[in-house]
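Here is how names work: the chains are called A, B, and so on, in the same order as the sequence lines, proteins then strands, and each is numbered from 1. Small disclaimer: the values here were computed from a predicted structure and weren't measured.
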Protein chains: 2
Amino acid sequence: MTETGGERPLRADARRNREQILAAARDAFVELGPAAPLEEIARRAGTGIATLYRRFPDRAALIRSVVLDAFERTVAVIDEALTEEKDPFGALVHYMHGVLDVRIAAVIPSLLGEIPFDDEELEALSRAAVSPIEKLIAEAHEAGTLRADVTFGDVGMMIVRLSRPLPGSFPRELNDQLAHRHLDLLVHGLRGDSASKPDLHGPAITMADLREMRPELPE
Amino acid sequence: MTETGGERPLRADARRNREQILAAARDAFVELGPAAPLEEIARRAGTGIATLYRRFPDRAALIRSVVLDAFERTVAVIDEALTEEKDPFGALVHYMHGVLDVRIAAVIPSLLGEIPFDDEELEALSRAAVSPIEKLIAEAHEAGTLRADVTFGDVGMMIVRLSRPLPGSFPRELNDQLAHRHLDLLVHGLRGDSASKPDLHGPAITMADLREMRPELPE
DNA sequence: CGTATATGGAGGATCTCTCTCCGTATATCG
DNA sequence: CGATATACGGAGAGAGATCCTCCATATACG
């Protein structure tokens with residue numbers, strides 16, 4: 001994946017390190033933002049800083065690879081959503097949950113702001129991720145299962161809001177669960193009066209829980 | 001407001017500068033996080049860096065004042081919500097919209113992680129902001145107007161999610177409007193089938209709009 | 001108008017991050 | 001099992017950002 005085929009194949013250890021750097025970069029960008037120190041990324045990847053620079057000449061190259069990878073995963077999620085759900089609304093919700101698991105969605109907008117976007121591969125993948133969702137939204141509108149006034153922007157921005165880690169250094173797993181829980185809430189609304197509301201995913205956090213978690217280090 | 005009464009009163013210009021620094025700090029913390037450069041805050045306030053240091057000996061003192069001020073505003077919002085809305089669910093929603101306007105909610109958790117919390121004034125205000133909301137949630141649960149499985153944590157965390165500025169440097173005003181729009185969405189849910197859904201606040205952003213805004217600087 | 005109070009910004013100290021160099025280690029192939 | 005191309009890690013110089021103090025000047029207020 002994310003292979004821009006041309007070059008000589010990497011040695012096995014080099015390829016492994018490259019993947020680990022990419023994964024570490026994904027996490028670091030989500031948690032620390034697009035300016036995350038490259039040294040921190042190398043540290044998380046368990047490699048030296050030189051190895052990172054050897055593989056990615058500069059921050060832009062690293063960002064580009066991360067974004068490309070994220071788009072690829074997103075496209076895969078879309079395919080899955082379209083395959084597994086027949087009705088458009090269900091597929092849209094399935095997609096949103098799936099994208100939360102890609103995690104990086106939160107920072108794609110900022111990452112894109114950091115690199116030149118006149119890039120064919122990037123644009124192609126971006127289109128491949130956007131247009132099926134626009135189609136899905138239109139179909140759900142037509143079927144009347146999605147609020148008529150909900151736009152593509154709303155969907156995208158809510159995904160961003162939900163996939164950003166909450167400030168205050170919760171454990172990562174909790175953060176992920178809460179994202180799904182809160183997506184459920186968004187889908188079904190807060191009201192208790194309307195009929196069939198399926199159970200929420202994820203843990204219910206009370207004020208007492210929050211207090212207990214207080215002795216936490218800064219974000 | 002936020003007067004810890006003891007000291008000699010400030011000269012008029014000093015008081016004005018103090019308020020401006022506090023306001024600038026609030027904005028900077030929201031946009032840049034709790035590690036926002038103090039020089040940047042002074043710049044936004046239109047004062048010299050020395051003036052900031054004269055009024056707030058260190059970052060912790062500044063953060064403390066910002067948090068205190070935010071809690072005070074939050075308490076005021078709660079009072080308003082309780083006064084103007086008779087039913088608990090309505091009051092809760094009113095409160096959530098009001099808190100979005102306080103803006104700083106997004107970073108209170110991180111800010112609190114940066115300063116010692118064994119502070120009577122802080123704790124008192126915190127309690128004054130928390131317990132009415134817990135009560136409201138309980139009442140709305142009883143009335144059946146709020147989903148039974150929605151907790152205090154859900155409400156607080158959704159406020160945080162909604163009040164954080166979206167990445168990618170949208171104009172501030174747009175960000176604020178979108179926060180309210182997306183809160184509406186949360187309250188009513190995405191589905192289009194159930195009956196009475198009031199109009200959403202704020203602008204509907206399409207993919208085309210987003211593309212148009214692309215030539216944006218990094219966050 | 002005198003004086004206590006307040007101001008701004010230059011600049012040294014410190015910290016953080018970037019990026020390269022080079023001696024050492026490991027994969028791969030015959 | 002070598003031989004060799006490939007890859008590795010980490011030190012450390014350099015650049016830049018941020019902190020924080022000092023002091024000559026300005027302003028509010030009695």
Side-chain angles (χ1 to χ4, degrees), chain A residues 3-25 27-29 31-66 107 110-111 114-115 217-219, chain B residues 3-25 27-29 31-66 107 110-111 114-115 217-219:
Chain A
E3 266 334 293
T4 321
E7 303 87 18
R8 178 171 21 71
L10 293 175
R11 222 171 70 177
D13 51 348
R15 146 165 305 284
R16 198 182 323 119
N17 280 326
R18 186 180 186 282
E19 294 304 327
Q20 275 164 350
I21 289 169
L22 229 36
D27 288 353
F29 287 143
E31 286 167 36
L32 272 21
L38 298 181
E39 274 181 328
E40 168 71 12
I41 292 174
R43 201 188 52 71
R44 291 181 185 218
T47 80
I49 178 68
T51 299
L52 187 154
Y53 275 98
R54 197 170 304 111
R55 231 37 86 198
F56 305 95
D58 54 23
R59 181 181 294 273
L62 178 57
I63 289 181
R64 182 171 176 280
S65 296
V66 168
V107 280
S110 338
L111 292 176
E114 303 270 334
I115 57 175
L217 299 184
E219 98 168 301
Chain B
E3 268 332 295
T4 322
E7 304 88 19
R8 180 169 21 68
L10 293 175
R11 224 171 70 177
D13 52 346
R15 150 167 300 285
R16 200 182 322 119
N17 280 325
R18 186 179 186 283
E19 295 304 328
Q20 275 164 351
I21 290 170
L22 229 35
D27 287 353
F29 287 143
E31 286 166 37
L32 273 20
L38 298 181
E39 275 181 325
E40 167 71 12
I41 292 174
R43 202 187 53 69
R44 290 181 185 219
T47 80
I49 178 71
T51 299
L52 187 155
Y53 275 99
R54 197 171 305 110
R55 230 38 85 200
F56 305 96
D58 55 23
R59 180 181 294 273
L62 178 58
I63 288 181
R64 183 172 175 279
S65 294
V66 168
V107 278
S110 336
L111 291 176
E114 302 270 334
I115 57 175
L217 301 182
E219 99 168 304

Here the gap from Leu10(B) atom CG to Arg55(B) atom CZ, rounded to the nearest 0.5 Å, amounts to 5.0 Å
Listed partners of Arg59(B) passing salt bridge (Lys or Arg N to Asp or Glu O under 4.0 Å), at least two apart: none
Residues in side chain to side chain contact (heavy atoms under 4.5 Å, CB included) with Ala23(B), at least two apart? Arg26(B)
Expected list for residues 38-51 of chain B: side-chain donor-acceptor pairs under 3.5 angstrom, two or more places apart:
| residue | atom | partner | partner atom | Å |
| --- | --- | --- | --- | --- |
| Glu40(B) | OE1 | Arg43(B) | NE | 3.4 |
| Glu40(B) | OE1 | Arg43(B) | NH2 | 3.3 |
| Glu40(B) | OE2 | Arg43(B) | NH2 | 3.0 |
| Glu40(B) | OE2 | Arg44(B) | NE | 2.8 |
| Glu40(B) | OE2 | Arg44(B) | NH2 | 3.4 |
| Arg44(B) | NH1 | Glu31(B) | OE1 | 3.2 |
| Arg44(B) | NH2 | Glu31(B) | OE1 | 3.2 |

Quickly work out the Asp58(A) CG to dC17(C) P distance and round it to whole Å. 18 Å
Interatomic distance where CD belongs to Glu40(B) and C1' belongs to dC19(D) [whole Å]: 15 Å
Nearest-Å distance for atom pair OH/P, residues Tyr53(B) and dT18(D): 11 Å
Can you tell me how far P of dT18(C) sits from CG of Leu62(A), to the nearest Å? 11 Å
Expressed in angstrom and rounded to an integer, what is the separation of Arg16(A) atom CZ from dA27(C) atom C1'? 10 Å
All salt bridge (Lys or Arg N to Asp or Glu O under 4.0 Å) counterparts of Arg16(B), not counting sequence neighbours: none
Whole-Å distance between dC19(C) C1' and Ile41(A) CD1? 15 Å
Salt bridge (Lys or Arg N to Asp or Glu O under 4.0 Å) filter on Asp13(A), not counting sequence neighbours, yields Arg11(A)
Watson-Crick or G-U wobble mate for dA13(C), both contacts under 3.5 Å: dT18(D)
Protein-nucleotide distance (Leu38(B), atom CG; dA17(D), atom P), rounded to Å: 16 Å
Can you build the contact string for nucleotides 3-13 of chain C? Use B for base contact, S for sugar-phosphate-only contact, and - for no protein heavy atom under 4.0 Å. -BBSBBBB---
So what does Arg59(B) hit on the nucleic acid, given a heavy-atom distance under 4.0 Å: a base, only sugar-phosphate, or nothing? sugar-phosphate
